[in-house]
There are 2 protein chains.
Amino acid sequence: MTDTLPDTHRRLVSTVTKDGEIRLSLQTVPLPVPGDDEVLVRVEATPINPSDLGVLLALTEGSAFSAVDGGASAPLTPAVQRALGARAGIDLPVGNEGAGRVVAAGSSEAAQALVGKTVALAGGGFYAQYRKVPAAACMIVPDGTSAEEAASSYVNPLTALGMVGTLKREGYKAIVHTAAASNLGQMLVKLCAADGIALVNVVRSQAQAELLRGLGAEHVVDMTAEDFVPKLIDAIAATDAYLAFDAVGGGKLAGQILAAMEQAALRTQKADGPYGSRQMKQVYVYGGLSTAPTEFNRGFGMRWRMGGWLLTYFLEDVGADEAKALRDRVARELKTTFASKYTQRISLDEALDPAIIAAYGKRATGEKYLILPQS
Amino acid sequence: MTDTLPDTHRRLVSTVTKDGEIRLSLQTVPLPVPGDDEVLVRVEATPINPSDLGVLLALTEGSAFSAVDGGASAPLTPAVQRALGARAGIDLPVGNEGAGRVVAAGSSEAAQALVGKTVALAGGGFYAQYRKVPAAACMIVPDGTSAEEAASSYVNPLTALGMVGTLKREGYKAIVHTAAASNLGQMLVKLCAADGIALVNVVRSQAQAELLRGLGAEHVVDMTAEDFVPKLIDAIAATDAYLAFDAVGGGKLAGQILAAMEQAALRTQKADGPYGSRQMKQVYVYGGLSTAPTEFNRGFGMRWRMGGWLLTYFLEDVGADEAKALRDRVARELKTTFASKYTQRISLDEALDPAIIAAYGKRATGEKYLILPQS
């Protein structure tokens, strides 16, 4: 033990109650004691990612929350109650990733070597003042990089690297990305530029288009513009982008992308009888910004695929060595390719304020919240 | 040359006219002369498959046709005109497969060896009295098997074998099949029984369910029944059928199957946080019995895939040797596993009769038409 540590600490939990509500609260719990191969991290910064909001808000609008004794709560629809039945009555810790200083360590050499270091890691439960983690899960943050700068070292950087890795593994040449002005999307613009991979960015406003062009993005298509579809076809034809990562999920967008890919392919090849082009076209749905049903008309031949994409599964598929190589790259490029921008910094208490829940619950592109659990 | 042959023969063509109609007609054309490695087949029997109807009727209802001088025609909607613009003004021969006797051959040994044999083959243009084909494309029909019995030796048998082959290549254990009372579906019941593969048959009526049970099918689920979804989940859980082949395409069925697979998987494994089960779930859409949009709610975790499936691409993927092995198996089992039943036999002239077009255009499960071009 190296610091004088408190006996207890506070952590945020999200609970689907048995009487049909979602409740956010702060619990005061005993400080965990690391085992031989574990360390205790004093969490200094942890972001609110879209992937956290699913667990945190239980598929409920942020604007539905009101203050209750010790936190905030919102009623659940019967459909959500059914869908989340497995969570009922369980206090779920939240927060997929974060960074902070190692303040205690188990007896092993690996754990002891981390004492005093600033580390970044993923694994859940980071909306808390302290977090006990395996020593092997820690990425040491390079000197001169702060915990705030390292807080988002996993989800967005590895997702961007996972998209490029998927492109390489599956033999595609370029990527279509939706909701492309997100923090992740901005990273992907920088990463693809660094790695020489063409990227078609689909955004939802002219302001977002300007933002990405300012980062050097070459192909930006505004889905709210009249000429969205022809511009998308042009961009796909110019880049051979037959692999898409869609953060939206619901509605017609995924199908529009497959249809645009087909039209782009038919510019350089004849249709195979009634079966369309022979070009394989893949859309991976990796997010659910829209909870509407996914809908499409299959007007894109027979060589198409749609499917789910999850970072965890990608990292398992590539194996431990490749995953480590990707994490090492993130550490090296935290201040450049993988730099995150936060628009708001909040405390754990503020994370339970209904007005603030309503704000971060909007998932507005360009808005990004960072929780500072020590403040 | 071994027979006294006519100078001309008749063939059926389907034409999207430049003034926005689809027209079916019979053309009298010169008898083709085989090159060195080719043979001339006198076509005796050729089926109307769903995959033929797409080309033949140009996405138009069979009931929309009326008699015109020399054939039948129907008006095309503007959407179909746009979709089929590449066909405009071109007389397309129709008929994916057929069987008949080799009546002339080129000089090569392989071609000469086929003279007088009954052969079956695929390749298009079989709604004709004669067809010139490469000798290498011919499957010699075993002695004692008629041209009628061999007419459907490709599309349905190889599709059924392709489904089982896809299961093996992708590591699945059992199959869900929709519109399962079709000729193809009946073959698949027999093939899966022979090969020891569990099959979940989704049908559209109790009569179809009885038909398949009569063939020995164990798992049959009626999608028009009140308890369709729970029964489907039970059948998937009982068989581990996480691979589906869907002939319907439009509507909610493909998504319902993925959702039922997820519920079946969650009976034996915990959900992976908010991301659902870790079980991969695949639906291949291989037909388009419904032209409605495909629609689903993504309530099936992140490990799912949907995509197109086409026999041609499967055969290319497995390679020539494996494809030949599959064709050899079809030849051996034409009277058993791969026997087809026809409910109607028609001439080329009758194929242009509006009342008959309306009947075969319905794609009614259990109805199957065979064209006898010599009658």
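Labels below follow one simple rule: chain letters A, B, ... track the order of the sequence lines, proteins then strands, and each chain is numbered from 1. Worth knowing before you read on, the calculation uses all heavy atoms, side chains too, and leaves out hydrogens, waters and symmetry mates.
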Could you tell me which of B/K281, B/K270, B/R278 has the largest number of non-hydrogen atom pairs under 4.5 Å with chain A? B/R278

Quick check: closest heavy atoms across A/M302 and B/V285, and the distance to 0.1 Å? CE-O, 3.8 Å

More than 12 heavy atoms from other groups under 6.0 Å of CZ on A/R23: no

Proximal component of B/V283, with respect to chain A [non-hydrogen, under 4.5 Å]: neither

B/T294 side, atom OG1; A/N297 side, atom CG - distance, nearest 0.5 Å: 7.5 Å

Face-on cation placement of B/R303 at A/Y313 ring, 6.0 Å and 45° thresholds: yes

Between B/E316 and chain A, with a heavy-atom cut-off of 4.5 Å, which part of the residue counts as in contact: side chain, backbone, both or neither? side chain

Is it the backbone or the side chain of B/T291 that comes under 4.5 Å from a heavy atom of chain A, or both, or neither? backbone

Quick one: does A/R305's side chain get under 4.5 Å of B/Q282's, heavy atoms only? no

Minimum side-chain heavy-atom gap A/E295-B/F296 below 4.5 Å: no

Per-residue contact mode, B/R87 against chain A (heavy atom under 4.5 angstrom): neither

